[in-house]
Amino acid sequence: MRALRRRESLSQVQLAEKLGVSPSYLNLIENNRRPLPANLLIKLAQIFAVDVHAFATDEDTRLVADLTEAFADPLFDERDLTSVDVREMAAASPVAARAVLSLYRAYQAARATSDDLSSRLSEGEELSGVDAAPDNGATLGSSHLPSEEVSDFIQRQLNHFPELEAAAEELGARAKLTTDDLYSGLVRFIESEFGVRVQIARWGSERGVLRRFDPDKKELVLSELLPTRSRTFQLAHQIGLMTQGHTMDRLALDPRFTSDESRALARVALANYYAGAVIMPYERFLQAAKEERYDIDVLGRRFRVGFEQVCHRLTTLRRPGAEGVPFHMIRIDVAGNISKRFSASGIRFARFSGACPRWNIFSAFLTPGMIRIQNSRMPDGVTYFCIARTIQKDAGGYHAQHPVQAIGLGCQVQFARELVYSDGIDLENPDTCVPVGVTCRLCERTDCLQRALPSIKVPLRVNENLRGVSLYAPVGNGKSRQV
Ligand code: SF4
């Protein structure tokens, strides 16, 4: 409720007035200290023009899922926790449940730190300097990664920021921006409004710097290695910081941020959001996406942006009454590290353990640059339609690193026909569906050759005289545990 209220820039007093309740009562509900009565739920769904189910359960569902994943840790094996216990805990006190998750994250971070220290000790490495490292939330000993907090913040806001959308549209109208002349239009705007000159720097002069703004000299330096679309993006990002700084500061005041680093990273994410909204204005982009059936390459050419930028923009199309397909998006590297995740499709991403290797995003690394398509089914029966492709960063010379990552974009299968990528695919045929899971510890599949860890739902029984399809797959009657 809080996320939607903020999205519409309503104060608690304003929303309370619309609902016919007192602001203090509304405040108690927002802080989970009073339950949300059904009549208010319906009124809220009408005010925000959202479906009641999606409105009521998104964050609760994620909380239960995160708790279930945390309790899948072997640490809790002796406790016989059931899924009912987990749900009751989340329902009785979401605040306490989130505190348990924070504690679990702290435990994980401490464990990672001690593993790291022991391996360095065993390798005979000098440890001087570790104690001196500042505990700033991003170093050894941290319990809250700023990147995780920002991902959670974006998820809570449903990856849609109406104020930044409006500001981007206002800039487009005021500076008379067109896609064909966007870079020059932004250069003219920043010069005429702020007296800032844009310089293109030779690579050798400031090695490693892609964008640098000097407010005293009123100079914005962009690297010559940036392709034009990236220069446009960086320019729009800087204009966002200069014109929407107050809005970003306010949004970054979210009380769940635990460090200045998280708030600073949130500002960067918001400035990126603004830049995306300037380059791909909401209405024009949504219309093009629907007309072209979400063909990412066509949209990329039309708006002069890259594959990842289009995918990211597609996930932000959540304006009430003018929504696109509810997508999820994930970005990973070859080691499986997730550096970007957002889900409006309802799919869950593993947070504390490795993801399911059967997702097509991993096989995308086998065919760089090619779009891989997958119809996949989760153990709960929900089917998703996903595309995945690798991308390669190309800012740098011959000696530069060119890291490869993969982007996954997907939706629930009932939206798949709206996507050009579903052409020729028999979505109704269950044989085309790849059985997947969220993460092996939570997945009860017993016939998976790629299982990496035993499931908490099926007891591990080792029989040295018998071998199933995988070491951890039970043979015969694998009796399920209750979790
Ligand atoms: S056991 Fe489940 S989560 Fe693990 S690889 Fe197989 S399908 Fe994926």
Side-chain angles (χ1 to χ4, degrees), residues 61-62 64-77 81-83 86 104 108 328-339 341-343 345-367 372-388 406-413 416 427 429-463 466-483:
T61 307
R62 270 188 290 120
V64 170
D66 286 349
L67 279 174
T68 307
E69 193 183 335
F71 286 132
D73 192 296
L75 179 72
F76 301 107
D77 273 359
L81 279 162
T82 67
S83 52
V86 175
Y104 180 70
Q108 271 215 318
H328 61 254
M329 179 182 167
I330 180 171
R331 186 180 67 192
I332 61 162
D333 63 18
V334 281
N337 296 304
I338 299 175
S339 51
R341 62 175 157 79
F342 169 72
S343 173
S345 69
I347 204 168
R348 281 255 305 121
F349 301 122
R351 293 176 62 121
F352 305 115
S353 41
C356 172
R358 299 178 84 172
W359 288 12
N360 62 338
I361 191 166
F362 293 102
S363 53
F365 286 109
L366 301 174
T367 52
R372 312 271 304 206
I373 291 167
Q374 186 181 58
N375 207 14
S376 56
R377 178 165 290 135
M378 283 287 176
D380 62 7
V382 181
T383 306
Y384 294 93
F385 182 80
C386 305
I387 64 164
I407 303 287
L409 183 79
C411 59
Q412 289 201 13
V413 75
L427 296 172
N429 183 352
D431 291 343
T432 65
C433 251
V434 178
V436 297
V438 173
T439 181
C440 292
R441 285 290 282 162
L442 295 180
C443 180
E444 65 260 39
R445 297 194 187 284
T446 56
D447 56 352
C448 178
L449 286 170
Q450 280 180 270
R451 177 177 287 286
L453 294 164
S455 168
I456 58 164
K457 302 183 180 181
V458 181
L460 176 61
R461 282 199 295 267
V462 180
N463 179 346
L466 192 60
R467 171 64 202 248
V469 290
S470 92
L471 186 60
Y472 300 122
V475 178
N477 182 20
K479 186 168 147 275
S480 289
R481 282 202 313 212
Q482 284 183 317
V483 171

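Both ligands and their constituent atoms are indexed starting at 1 by order of listing.
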Worksheet entry | Contact atoms of ligand 1, heavy-atom distance to Cys448 under 4.0 Å | 1 (S), 5 (S), 6 (Fe), 7 (S)

Worksheet item: If we only count heavy atoms from C-beta on, is the Arg348 to Met378 side-chain gap below 4.5 Å?
Response: no

Worksheet item: Between the side chains of Ser376 and Arg358, is a donor N or O closer than 3.5 angstrom to an acceptor N or O?
Response: no

Discussion item. Between Asn375 and Val413 (side chain of the first, backbone of the second, donor and acceptor by atom type, cut-off under 3.5 Å), is there such a pair?
Written reply: no

Practice prompt. Could you pull out the closest heavy-atom pair between Pro454 and Arg441, with the gap in Å?
Written response: O-NH1, 3.0 Å

Worksheet item: Any N/O/S of Cys443 under 2.8 Å from atom 6 (Fe) of ligand 1?
Response: no

Worksheet entry | Distance filter under 4.0 Å to Thr439 heavy atoms, resulting ligand 1 atoms | 3 (S)

Worksheet item: Which ligand 1 atoms are under 4.0 Å away from a heavy-atom of Pro357?
Response: 5 (S)

Worksheet entry | Where Phe362 and Gly336 come nearest, the two heavy atoms and their spacing | CE2-CA, 4.1 Å

Item to complete: Going by heavy-atom distance to atom 4 (Fe) of ligand 1, choose the closest among Cys440, Pro435, Cys356, Gly437.
Response: Cys440

Discussion item. Under 4.0 Å from a heavy atom of Arg358: which atoms of ligand 1 are those, numbered in the order shown and with their elements?
Written reply: 6 (Fe), 7 (S)

Practice prompt. Could you list which atoms of ligand 1 come closer than 4.0 Å to a heavy atom of Val436?
Written response: 7 (S)

Worksheet entry | Considering all heavy atoms, the nearest Ala350-Thr439 contact | CB-CB, 3.9 Å

